[in-house]
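What follows is a set of notes on a single structure, which appears directly below.
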Amino acid sequence: MFWVPQSGDIGVGVSILSYNGGVQFGIVTDDALARDPERIIERFAPEFEKLLLLALMDQA
């Protein structure tokens, strides 16, 4: 896992790493923007599945 550098006025950083058939997501947030980053994380997998489905449909 790696983290997106956070500095200055960057409030949200997202990392996506694919390796060995898997995908890892990471998020860093500013408390002022996202008091409960867990809610963002909970949405990653369902939204990624939608993206994957669209990509597969495009190939057909």
Side-chain angles (χ1 to χ4, degrees):
M1 184 60 67
F2 65 95
W3 293 108
V4 177
Q6 294 296 110
S7 66
D9 59 355
I10 299 173
V12 179
V14 177
S15 64
I16 304 172
L17 175 68
S18 65
Y19 177 74
N20 198 25
V23 178
Q24 299 286 327
F25 296 96
I27 186 168
V28 176
T29 65
D30 182 331
D31 270 349
L33 294 176
R35 296 196 190 280
D36 187 8
E38 187 67 32
R39 291 182 62 204
I40 298 170
I41 294 168
E42 290 170 359
R43 294 298 311 155
F44 269 40
E47 295 302 324
F48 187 78
E49 292 295 327
K50 289 178 190 176
L51 182 61
L52 178 60
L53 179 61
L54 289 171
L56 291 173
M57 290 172 55
D58 189 49
Q59 291 179 0

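Considering every non-hydrogen atom in both A34 and T29, the closest pair reads O-OG1, 3.7 Å.
Summarising the geometry, atom CG belonging to L53 is positioned 11.0 Å from atom CG belonging to D58; distances are rounded to the nearest 0.5 Å.
Residue pairs that meet the ring-ring contact (aromatic ring centres under 6.0 Å, His included) test with at least one member in residues 28-47, sequence neighbours left out, are F25-F44. Among pairs with a residue in residues 34-49, those fulfilling salt bridge (Lys or Arg N to Asp or Glu O under 4.0 Å) read R43-E47, E47-K50, at least two apart in sequence or across chains.
Qualifying side chain to side chain contact (heavy atoms under 4.5 Å, CB included) partners for L33, counting only residues two or more places apart in sequence or in other chains: V12, D30.
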